[in-house]
Student: 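Sending over a structure as structure tokens; questions will come in a sec.
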Amino acid sequence: MAKEYNFREIEKKWHQLWTERQTYKVTEDESRKKFYVLNMFPYPSGAGLHVGHPLGYIASDIYARYKRLQGFNVLNPMGYDAYGLPAEQYAIKTGQHPEKTTFANIDRYREQLDKIGFSFDWDREVRTCTPDYYKWTQWAFQKMFNSYFDEELQKAQPIEKLIEKFKKEGTWPADEKAQNDLLMQYRLAFLGETMVNWCPKLGTVLANDEVVNGVSERGGYPVEQKKMRQWCLRVSAYSQRLLDGLDTIDWSESIKETQRNWIGRSEGAEIEIKTLSNSPLKGENSLPLREGWDGSFTIFTTRADTMFGVTFFVLAPESELVDKVTTPEQRKAVDEYIKYVKSRTERERMIDHTVTGVFSGAYGINPITGDKCPIYIAEYVLAGYGTGAIMAVPAHDSRDYAFAKHFGLPIIPLVEGADVSEESYDAKEGIVMNSPISPDKSVEYDGESLCLNGLTIKEAIAETKRFVKAHNLGCVKVNYRLRDAIFSRQRYWGEPFPVYYKNGIPTMIPEECLPLELPQVDKFLPTETGEPPLGNAQKWAWDEKTNTVVDCSSIDNQTVFPIELYTMPGFAGSSAYYLRYMDPHNDKALVSPEAAAYWQNVDLYVGGSEHATGHLIYSRFWNKFLFDLGVSKKEEPFQKLINQGMIQGWSSFVYRLRGTNKFVSFDLLEVQYDNEAKKNRYFYQGTEADPVYADISMVSGNVLNVEKIREWTPEFRDGEFILNGNGQYIVNQAIEKMSKSKYNVVNPDDICENYGADTLRLYEMFLGPIEQSKPWDVAGIDGCFRFLKKFWALAQNILNNPNTQNAPSAEELKSLHKLIKKVTSDIETFSYNTSIPAFMVAVNELSQLKCSSRTILEPMVILIAPFAPHIAEELWEQIQMVNGKWVNGKCPSVFDAHWPVFDEKYLVETSVKLGVQFNGKVRFDMLFPADATPEQMVEMATSAPEAQKHLEGMQIVKTIAIPKRIVNIVVKPV
RNA sequence: GCCCAGAUGGUGGAAUUGGUAGACACGAGGGACUUAAAAUCCCUUGGCCAGUGAUGGCCGUACGGGUUCGAUUCCCGUUCCGGGCACCA
């Protein structure tokens with residue numbers, strides 16, 4: 001009895017059975033090899049899941065199921081990144097506790113995820129906002145606080161070791177406050193007075209990766225620089241290890257490159273610039289740096305070779321040297337300049353690169369030439385990088401060049417053939433000259449003076465470094481652009497810091513008292529006195545005597561102290577969640593040593609590339625720290641990374657005539673390109689028409705359903721719709737990121753309802769390469785649906801054939817093994833989009849061959865199982881019923897079967913390329929005479945000695961002589 | 001400005017990594033079944049040219065060169081689109 005493919009029934013049945021049978025429950029099993037698949041866990045937003053979300057989940061689910069079929073013990077967990085700004089802002093607006101909305105959103109996500117049929121082990125679910133989870137976020141923070149980075153060992157060490165060292169050296173201060181200040185400079189989690197990105201509109205500081213083009217990533221509000229006392233993580237200490245680790249992991253080159261840029265290693269030299277009196281140089285016309293200050297400062301350069309071209313020095317306006325160097329005569333001008341710089345926002349500084357600066361009145365002495373050079377202060381030099389001071393070489397640095405031109409400073413070219421009359425020559429290629437201009441322009445140290453003339457730039461850099469080092473003028477130095485991460489936020493909905501302030505000194509709450517739970521507040525806004533939202537909490541003080549949280553009113557300076565009001569940023573909870581999945585219910589440890597030893601690290605991580613400089617750096621840092629502690633067993637958390645592309649939406653626009661309630665069909669509009677605004681403007685009979693978003697569900701093709709849109713919102717109800725000649729209203733369409741506000745979100749639920757989860761899964765993979773972004777377009781979904789129906793029909797034909805035990809024919813076996821080969825290698829390389837066509841071809845071939853063999857069907861069902869698990873389980877059950885494999889009314893799951901093994905011998909009708917067999921043909925890559933006819937070529941090819949070897953026992957089916965010099969011979973076993 | 005990744009029919013995209021370009025799907029056109037619709041099935045579908053026809057010829061993977069018997073694939077240059085970094089000395 002051939003049954004119809006009823007996906008609704010099948011999918012419902014298997015969702016139930018999978019839950020009942022705990023099909024996807026995973027436990028540590030030493031007898032099997034582990035495989036850890038992970039998706040970046042989602043932030044549960046109010047908009048629910050859209051068709052873009054599952055793309056990565058489906059891809060990883062296919063891999064997870066495939067690995068399981070290969071006999072691996074697969075961990076494939078899922079959870080929620082539950083702390084975040086939207087829930088908090090919603091809470092401010094409505095007064096609803098963020099936990100309530102977050103949990104409601106999570107339930108909705110879960111419901112949607114369940115429909116798609118993932119193999120997640122839900123017993124291991126984590127939510128970053130639950131105390132049993134954030135206990136370990138707080139714990140890790142405390143460990144970082146109590147650790148420092150040992151430069152020699154290149155790893156984190158307990159802070160006690162550092163104290164011991166100080167004591168031994170005799171540099172350990174007696175005063176408790178001084179001890180605290182000293183250790184703060186070393187702790188991996190530390191309180192720092194740093195310039196931060198302050199966003200007044202959000203009322204919080206932001207990390208560097210949360211600021212894009214000078215505005216906040218979320219909301220696009222202006223961000224300013226502000227000096228604040230903040231918790232920071234010393235990420236920069238791990239710069240070199242973060243960089244080196246990239247070479248050991250299997251990530252895309254572009255994302256590694258992004259991280260390398262972000263870490264920004266540059267090798268250079270630090271050179272000390274001295275005054276006359278403490279300099280070994282004694283010249284007649286040299287002056288001290290400044291009267292009354294006999295100091296020196298250090299500059300950083302990657303172009304040590306250009307020392308002979310230095311004509312001035314520049315300090316960053318924020319540098320503390322500015323005050324020391326400025327002469328009384330220049331004081332006023334400098335103060336004014338500093339005031340101007342402070343008035344500029346980060347964004348202005350970023351966009352506007354006009355040359356500004358001021359002379360400090362002081363001079364520095366070039367240790368190589370002995371020249372006296374003016375010291376300027378200019379905003380183009382950044383305080384946070386290198387030493388905040390540079391030597392300026394206008395001939396070979398475009399920024400120095402612009403500055404020199406503006407202030408009329410000399411420019412000395414140092415590279416042969418470089419014309420610096422119009423612009424600087426920045427390239428690191430060429431032969432050095434003018435270094436020195438004349439022998440007496442190079443200062444002698446211990447009888448040696450530097451000469452670089454005739455060397456290449458690379459040689460000159462090395463030579464200068466040697467010289468500087470040999471004569472103690474400075475040192476070779478590696479700098480990193482990577483900054484320490486600012487780790488506190490002035491928000492409510494985040495992990496509280498397990499810290500209280502005892503006489504102003506931050507003190508950790510005892511480890512055994514963790515977690516420190518987020519207190520209840522009645523308002524989620526900052527307090528009237530400008531304190532963060534936690535300032536609203538009544539019960540937010542720590543009693544040392546009882547080790548409990550007590551009411552703020554009992555703060556008495558004896559045993560009760562105020563608790564930190566800041567909370568942790570979003571990336572805190574997402575930095576080690578992959579470790580927690582290994583052992584999610586353990587209340588004694590983040591992860592037990594046994595579980596960590598078994599699961600090691602994530603073998604396959606799938607997520608968006610937008611996290612390249614955020615989460616993917618922070619969690620690598622966090623993991624390296626835990627690795628130093630021995631908690632994590634691998635130095636890198638994510639061995640292989642796949643970045644799924646974004647699925648974009650089709651936004652639809654209707655056009656409203658300005659000042660009216662008339663909407664005009666798009667094809668009736670005249671287009672004008674506005675050069676200034678760089679966009680199109682539309683007109684109807686001289687009146688401008690403005691685009692208005694229309695919901696995607698009201699549009700089919702590009703035709704608007706006018707009735708539907710009238711029902712949608714009041715603004716359309718009474719609208720007048722001006723239709724085109726065909727009586728249709730045409731909309732304009734654009735591809736944009738899917739977003740609630742653009743009304744272009746396509747929900748996977750509808751697809752599941754109309755086509756089933758298996759079709760959705762197949763189609764999302766069929767759409768194109770997983771890493772590529774593409775617009776969502778349902779046009780092709782019917783193809784995948786039809787394929788599943790054909791697959792079903794083929795299976796029913798086989799199962800209902802009385803002779804299903806028939807031995808398969810050679811052609812059927814060939815079809816099958818071609819498929820095994822293709823699908824196996826596709827899954828290994830994540831080219832799912834080409835597997836699905838292979839299935840289609842195989843099913844067509846087998847249908848045409850009127851295949852009736854279960855020997856073929858069984859492996860086919862296993863092959864499709866990772867892609868379309870529901871239909872596979874259903875067919876497997878039917879096969880096993882026919883096979884009589886049901887035990888006690890229970891059928892084994894297809895996922896307990898074994899992945900079929902490809903056997904080359906079934907592809908025998910194969911071919912040879914100079915002795916190498918492949919795909920259906922024998923190819924002779926020989927040199928034939930240019931004038932040989934095809935017949936002659938075939939004759940020559942088949943009689944060649946190498947050919948005999950391959951033609952033996954074969955029957956020639958067909959020969960193809962490709963003009964020019966190739967002969968293909970299609971053969972078949974006799 | 002610097003770095004990275006791309007460009008193939010009407011559309012999404014294949015091509016065993018140097019070997020007959022355009023798999024598979026969508027769309028379009030034609031046909032079968034049907035009272036009709038849905039569903040299903042079959043044929044055609046890169047462009048141009050010749051032929052009643054089977055078929056044959058030429059052009060064609062953004063553009064211009066090169067290496068090679070042979071290039072979508074490798075090398076050099078140009079254009080365009082996307083991503084990252086950006087006063088980082």
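In what follows, every chain begins at residue 1, and chains take the letters A, B, ... in the order their sequences are listed. For the numbers below, each heavy atom of this structure counts, side chains included, while hydrogens, waters and symmetry mates do not.
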Student: At 4.0 Å (heavy atoms only), tell me whether A:Arg303 reaches a base, stays on the sugar-phosphate, or touches nothing.
Tutor: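 If one applies the 4.0 Å heavy-atom cut-off, A:Arg303 turns out to touch the sugar-phosphate alone, with no base involved.
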
Student: Taking only residues two or more places apart in sequence, or in another chain, which ones meet A:Tyr763 in a side-chain hydrogen bond (donor to acceptor under 3.5 Å, both in side chains)?
Tutor: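 For A:Tyr763, no residue satisfies side-chain hydrogen bond (donor to acceptor under 3.5 Å, both in side chains) once neighbours in sequence are set aside.
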
Student: Which pairs, protein N/O on one side and nucleotides 28-33 of chain B N/O on the other, fall under 3.5 Å?
Tutor:
none

Student: Between B:C24 and B:C63, how far apart are the two P atoms, rounded to whole Å?
Tutor: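 Taking atom P in both B:C24 and B:C63, they lie 26 Å apart.
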
Student: Please check the phosphate of B:A89 (OP1 and OP2 only) for any side-chain N or O of A:Tyr380 closer than 4.0 Å.
Tutor: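 Answer no for this pair, as no side-chain N or O of A:Tyr380 is under 4.0 Å from OP1 or OP2.
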
Student: Stem list for RNA chain B, please, built from Watson-Crick and G-U wobble pairs under 3.5 Å and keeping only runs of at least 3.
Tutor: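 Only these stems qualify: B:1-4 with B:82-85, B:10-12 with B:24-26, B:27-32 with B:40-45, B:46-50 with B:55-59, B:62-66 with B:74-78.
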
Student: Could you tell me whether the side chain of A:Ile273 reaches within less than 4.5 Å of the side chain of A:Met391, counting heavy atoms only?
Tutor: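 The answer is no, as the side chains (C-beta and beyond) never meet within the 4.5 Å cut-off.
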
Student: Mind checking whether A:Phe839 and A:Leu762 have side chains closer than 4.5 Å, heavy atoms only?
Tutor: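 Of all side-chain heavy-atom pairs linking A:Leu762 with A:Phe839, none is under 4.5 Å.
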
Student: Apply the syn/anti split at 90° from 0 to B:G84 and say which one it is.
Tutor: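 Judged by the O4'-C1' to base torsion, B:G84 sits in anti, the angle falling more than 90° away from 0.
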
Student: Describe the nucleic acid contact of A:Lys790 in one word from base, sugar-phosphate, nothing, applying a heavy-atom distance below 4.0 Å.
Tutor: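 A:Lys790: backbone/sugar contact only, no base atoms under 4.0 Å.
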
Student: Output the residues of residues 763-772 of chain A in contact with RNA chain B, where contact means a heavy atom of the residue under 4.0 Å from an atom of the strand; sort by number or write none.
Tutor: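 Heavy-atom contacts with RNA chain B come from A:Phe766, A:Leu767, A:Pro769, A:Gln772.
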
Student: Is the distance from OP1 or OP2 of B:U40 to the nearest side-chain N or O of A:Lys789 less than 4.0 Å?
Tutor: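 Indeed, a polar side-chain atom of A:Lys789 lies that close.
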
Student: Taking the chi torsion of B:U55, is it syn (within 90° of 0) or anti (everything else)?
Tutor: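 Anti conformation for B:U55.
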
Student: Can you see whether A:Asp484 engages A:Ser236 through a side-chain donor-acceptor pair at a distance of less than 3.5 angstrom?
Tutor: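 On atom types as modelled, these side chains qualify, holding a pair under 3.5 Å.
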
Student: Flag the pair A:Glu764 and A:Lys774 as a salt bridge only when some basic side-chain nitrogen lies within less than 4.0 angstrom of an acidic carboxylate oxygen.
Tutor: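 Salt bridge flag = no for A:Lys774 with A:Glu764.
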
Student: Checking all strands, does A:Val381 fall into the base, sugar-phosphate, or nothing category for heavy-atom contacts under 4.0 angstrom?
Tutor: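 It contacts base atoms.
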
Student: Identify whether the distance between the nearest side-chain nitrogen and carboxylate oxygen of A:Asp247 and A:Arg260 falls below 4.0 Å.
Tutor: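 Answer for the salt bridge query: yes.
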
Student: Hydrogens and angles aside, do A:Tyr337 and A:Thr356 bring a side-chain donor and acceptor to less than 3.5 Å of each other?
Tutor: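 Looking only at side-chain atoms, A:Thr356 and A:Tyr337 do form a donor-acceptor pair, the distance falling under 3.5 Å.
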
Student: Could you work out the separation of B:U17 and B:G12 based on their P atoms and round it to a whole Å?
Tutor: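 Roughly 27 Å separates the two P atoms.
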
Student: Heavy atoms under 4.0 Å, any strand shown: does A:Arg786 hit a base, just sugar-phosphate, or nothing?
Tutor: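 Counting heavy atoms under 4.0 Å across all strands, the contact made by A:Arg786 is with sugar-phosphate only.
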
Student: Which whole number of Å gives the distance between the P atom of B:A7 and that of B:A86?
Tutor: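 One P to the other, the span is 28 Å.
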
Student: Within the structure shown, what part of the strands sits under 4.0 Å from A:Arg483 by heavy-atom distance: base, sugar-phosphate, or nothing?
Tutor: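 Answer is base: heavy atoms of A:Arg483 come under 4.0 Å of a base.
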
Student: Output one line per pair: protein atom, nucleotide atom from nucleotides 1-9 of chain B, and distance, for all N/O pairs under 3.5 Å.
Tutor:
unit_1: B:C3; atom_1: O2'; unit_2: A:Glu257; atom_2: OE2; d: 3.4

Student: So does A:Ser266 get a side-chain nitrogen or oxygen closer than 4.0 Å to the phosphate oxygens (OP1/OP2) of B:A89?
Tutor: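 For A:Ser266, the contact criterion (side-chain N or O under 4.0 Å from OP1 or OP2 of B:A89) is met.
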
Student: A:Asn479 versus A:Ser266: any side-chain heavy-atom pair under 4.5 Å?
Tutor: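 Side chain of A:Asn479 against side chain of A:Ser266, heavy atoms only: contact under 4.5 Å found.
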
Student: Could you list by number each residue of residues 832-840 of chain A showing a heavy-atom separation from RNA chain B of less than 4.0 Å, or answer none if no residue does?
Tutor: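 When residues 832-840 of chain A is checked for heavy atoms under 4.0 Å from RNA chain B, the hits, listed by number, are A:Asn833, A:Thr834, A:Pro837, A:Met840.
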
Student: Considering only atom C1', compute the distance from B:U40 to B:A50 and round it to an integer number of Å.
Tutor: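 Straight-line distance between the two C1' atoms is 39 Å.
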
Student: In whole angstrom, give me the gap between the C1' atoms of B:C74 and B:G18.
Tutor: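 Taking atom C1' in both B:C74 and B:G18, they lie 8 Å apart.
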
Student: Would you measure the distance from the P atom in B:C76 across to the matching atom in B:A25 and give it in whole Å?
Tutor: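 Each nucleotide's P atom is 39 Å from the other's.
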
Student: Using the P atom in both, what is the distance from B:G83 to B:G13, to the nearest Å?
Tutor: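 The same atom, P, in both gives a distance of 16 Å.
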
